[in-house]
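See structure below.
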Amino acid sequence: MLSFIYGIILTVCAYGLFQICRPGIALYRHLHTARTTGLPFKVIPFPPGLFSFFAFQVLKKLGLMEPGTKLHKLLNMGRPDGYELHEEMGDVFLTVSPMGLTMIVADPKVAMTVNGKRSAFSKPPNTAIINIYGRNVINSDGDVWRFHRRVTGPVFSERIHADVWREGMRQTKFMMQSWTSASASSPDTPLRANSIGADLFRLGLNVITGSAYGTPLTWSQNPPCAVQTDLSYSESMEQVTAHLMPIFLTPHSALRVARKDSAWGRAWQAYTAFGGYMQGMLDREREKPASPGEENLITALLRAQVEEDEKLGRAMSESEVMGNMFIMLFAGHETTANTLHYALLCLALHPDIQDLLLKEIDSIYDRALSEGRTELDYDKDFSRARWAFATMYETTRVYTPTGMTNKWTTSDQTIAFDGNSYVIPQGTRISVNGCGIHFNPKVWGEDAKVWDPSRWMVPGGESPGFTPPASRVGTPLPSPSWERPTFSLPTPPSSPLAAMRFNADDIEKQRQFNNIINEKEKERLCSDTLELPPTPHTPHFLRPPSPALSFISSGATSQGILKPAPGTFLPFSEGSRACSGKKFASVEFVVVVFTLLRHHRVGLARGRKAGGITLQPPEAIPLAFTRR
Ligand code: HEM
């Protein structure tokens, strides 16, 4: 009997010891595998991605995440200063943790290979965080993904893009009216946008809801809701986004009984409220008589619920319908809103770039007028934009909304990098570091961290009707036989945040500029001879050709905008799993900027200090829209 008890104790102890040693054994095994690849590697306690995101947030809250430290750089990979570690480790390296290997990529060619081979580099297994209402097009793979992609396709039709244009214009006008009523008296008083971030989130949500969900809303209207709630539509989305982790990690049975004033209680409230709004829109669509030709995402999802997919042999489940409804709103509203927000801040800080954009806007409105239209039209005017595109592309390059995209090797894969071949073992997580590539000086030049839309301008591609400034000289593209140079870097600012601070002079000039506005020297503002605070760097088209340009350029788009070479520009990722909402977002961006700046110019509101601008989701920096 005694020996039996000893036996059990020994077994339990051995098991306990094994569990304690397991991470060490796993790390040892993964280290051995990392060495066999021949790539440089770094040992870290947890892999990049979800775990490092958690650790980063927790350590930051505890005040233990000092910028500039190695841990900060490692966990902060994929955030806007994400190239720093590559400066030390190279453009492709591995991190090794007890949970496995992760290959971090800031090399365009390797990124191209990874994004280009969907079956060899699939989505990683643990993407369930965005699964909270159900499986969806972003986190599914294989035949299920194909089914979801086919069903959600109608959201990205040209008919819906035209609706995005109209809805974007309508919502922007609502937003400006909300500032007018909050601001003061005369139409000449600058419009003060105190919470531009929150306003742009609401605008983004309303644009998708109006154009893709067949539910046009006024500024403060909510869609029908299937549950009783005090939260508005936009508040519930905001709260769901803020409480994604508790919603994802906590069993719903526990969330349901959590105290209402706790984070878990608020998370549950927001989760049920937003679910209620989505259900309300679905229920209303079910009750509506079918009207052919009015296809939107909801009608497509409802049809997929009753029609079997041939390959899968099943229809879409209720939770997949909810999952896809949620993911379009989630993937589409915040990314576009943050891009608009950063773009407006950058335009406020670079009045000379803003001038070029305003000229384009004026010329496009003038042309519409000459064609007998007082409003812009998607079919005719969207493709006339050039500086607006350049502003959007440059903003997504520098302030990449989704810093890293993650993949997974389904079997051993060979990659070519820097003239060598490397075998990447099966089960390696691959993080394509978009921010890293965008800040890689070998790719985008030594000023990679500087926000400068003029780098997108290809000579000879001026918008119709747009007269370039007299001093503007086209920069010829260098010959394609150019070889990648090695740069000696003049210590660039460590991040766009630093780049912004680097421009502190500019901000002081901007402040003076705003004061001028406030002192009502408006005639001077409208005059062409006004000396605006200059951009602190020479626009690209006035500079000698950059050797980096031929590396990133694969020609020009039909609008005369730089067409980046594959692998060099990844805000929307690339390949078959690239963002399907790229054009949706571009249409929204262009029409919002055009409507906002039709009669106004944007500046920082008076009294704002430079240091307040940070790179995390933009905080409340008041902007002023001054009538021009
Ligand atoms: C500036 C705006 C946007 C940016 C930067 C952006 C970025 C991205 C990125 C990087 C991916 C790939 C994610 C991954 O591989 O893990 C993606 C996927 C996706 N995005 Fe966007 N997105 C934007 C706007 C939108 C909009 C407006 C919509 C829809 C209304 C949308 C819908 C989607 C969908 C459905 C996917 C999944 C594609 C698939 O896997 O088949 N996105 N987006």
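- Ionic pairing of Glu375 and Lys173 is present here: one or more N-O contacts between side-chain nitrogen and carboxylate oxygen are shorter than 4.0 angstrom.
- Taken to the nearest 0.5 Å, the CD1 atom of Ile430 stands 11.0 Å off from the OG1 atom of Thr405.
- Salt bridge Arg202/Asp199: absent, no basic N to carboxylate O contact under 4.0 Å.
- A donor atom on one side chain and an acceptor atom on the other are not found under 3.5 Å apart for His86 and Asn440.
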Run the side-chain donor-acceptor check on residues 591-599: report pairs under 3.5 Å with partners two or more places apart or on a different chain.
residue, atom, partner, partner atom, Å
Thr595, OG1, Val591, O, 2.6

After noting the C-alpha distance and the side-chain angles of His341 and Ile196, does the key distance pass the side chain to side chain contact (heavy atoms under 4.5 Å, CB included) rule? CA-CA 7 Å; His341 193 165; Ile196 183 90; 3.4 Å; yes
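- The shortest distance between side-chain heavy atoms of Asn338 and Phe201 falls below 4.5 Å.
- Between the side chains of Thr152 and Asn324, no donor N or O sits under 3.5 Å from an acceptor N or O.
- Between Asn406 and Lys123, the closest side-chain pair of non-hydrogen atoms is not below 4.5 Å.
- The aromatic rings of Phe584 and Phe156 sit perpendicular, their planes meeting at an angle over 60°, well past the 30° parallel limit.
- Between Asp355 and Lys359, no side-chain nitrogen of the basic residue sits less than 4.0 Å from a carboxylate oxygen of the acidic one, so the salt-bridge criterion is not met.
- For the pair Asp452 and Ser454, the tightest heavy-atom approach, listed with the atom from each and the gap, is OD1-OG, 2.6 Å.
- Across all their heavy atoms, Val240 and Ala270 have their closest contact at CG2-O, 3.5 Å.
- Between the side chain of Arg149 and the backbone N or O of Arg577, no donor-acceptor pair lies under 3.5 Å.
- With ring centers used as reference points, Phe326 lies under 6.0 Å from Tyr133.
- Salt bridge Asp447/Arg455: present, at least one basic N to carboxylate O contact under 4.0 Å.
- Ser157 contributes a side-chain N or O that, together with a main-chain N or O of Ile160, makes up a donor-acceptor pair within less than 3.5 Å.
- Residues Tyr213 and Leu329 form a side-chain contact, since some pair of their non-hydrogen atoms from C-beta on lies under 4.5 Å apart.
- One N or O on the side chain of Gln354 and one on the backbone of Leu347 form a donor-acceptor pair closer than 3.5 Å.
- The shortest distance between side-chain heavy atoms of Trp219 and Gln177 does not fall below 4.5 Å.
- Under a 3.5 Å cut-off, the side chain of Glu588 and the backbone N or O of Val207 do not form any donor-acceptor pair.
- With salt bridges taken as basic N to acidic carboxylate O contacts below 4.0 Å, one links Lys583 and Glu158.
- Here the side chain of Asp381 pairs no donor or acceptor atom with the backbone of Tyr378 at under 3.5 angstrom.
- At least one side-chain heavy atom of Thr209 sits under 4.5 Å from a side-chain heavy atom of Tyr233.
- Here the side chains of Met404 and Cys435 are not in contact, with every heavy-atom distance at 4.5 Å or above.
- Asn433 and Ser431 are not linked by any side-chain donor-acceptor pair at a separation below 3.5 angstrom, with hydrogens and angles left out of the test.
- A heavy-atom distance below 4.5 Å is found between the side chains of Phe625 and Leu344.
- Distance check, rounded to the nearest 0.5 Å: CD1 of Ile208 to CE of Met325 gives 11.0 Å.
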Just do the side chain to side chain contact (heavy atoms under 4.5 Å, CB included) check on Met112 and Thr568 with the steps written out, would you? CA-CA 9 Å; Met112 221 171 95; Thr568 60; over 6 Å; no
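- Ser586 contributes atom OG, which lies 5.0 Å from atom CZ of Phe572 (distance to the nearest 0.5 angstrom).
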Before giving the answer on side chain to side chain contact (heavy atoms under 4.5 Å, CB included), spell out for Ile353 and Trp451 the whole-Å C-alpha distance, their side-chain angles and the decisive distance to 0.1 Å. CA-CA 10 Å; Ile353 296 283; Trp451 182 86; 4.1 Å; yes
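- Aromatic pair Phe389/Phe382: ring centres closer than 6.0 Å.
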Test side chain to side chain contact (heavy atoms under 4.5 Å, CB included) on Phe569 and Leu562; report intermediate values, then the result. CA-CA 11 Å; Phe569 180 58; Leu562 177 82; over 6 Å; no
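- A donor-acceptor contact under 3.5 angstrom links the side chains of Thr400 and His438, judged on distance only.
- Side-chain N/O atoms of Ser236 and Tyr271 include no donor and acceptor closer than 3.5 Å.
- For the pair Asp362 and Arg628, the salt-bridge criterion is met [side-chain N within less than 4.0 Å of a carboxylate O].
- Nearest heavy atom pair, residue Ala300 against residue Val151, reads CB-O, 3.5 Å.
- Note on ring orientation: taking the six-membered ring where Trp is involved, the planes of Trp456 and Trp444 are tilted (angle from 30° to 60°).
- Side chain of Arg384 to backbone of Arg367: no donor-acceptor contact under 3.5 angstrom is found.
- Side-chain N or O atoms of Ser363 include one that pairs as donor or acceptor with a backbone N or O of Glu360 at under 3.5 Å.
- Interatomic distance, Met392 CE to Thr396 OG1, rounded to the nearest 0.5 Å: 6.0 Å.
- Atom CG of Leu231 and atom CE of Met237 lie 13.0 Å apart (nearest 0.5 Å).
- The main-chain N or O of Asn194 is never found under 3.5 Å from a side-chain atom of Trp179 such that the two would form a donor-acceptor pair.
- Among residues two or more places apart in sequence or in another chain, the side chain to side chain donor-acceptor pair (under 3.5 Å) test is passed with Gln171 by Glu167, Asn206.
- To the nearest 0.5 Å, atoms OG1 (Thr339) and CD (Glu394) are separated by 12.5 Å.
- Inspection of the Arg118 and Ser576 side chains reveals an N or O donor paired with an N or O acceptor under 3.5 Å.
- Between His350 and Asp352, some side-chain heavy-atom pair lies under the 4.5 Å cut-off.
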Before giving the answer on ring-ring contact (aromatic ring centres under 6.0 Å, His included), spell out for Tyr83 and Phe439 the whole-Å C-alpha distance, their side-chain angles and the decisive distance to 0.1 Å. CA-CA 6 Å; Tyr83 189 69; Phe439 281 8; 8.4 Å; no
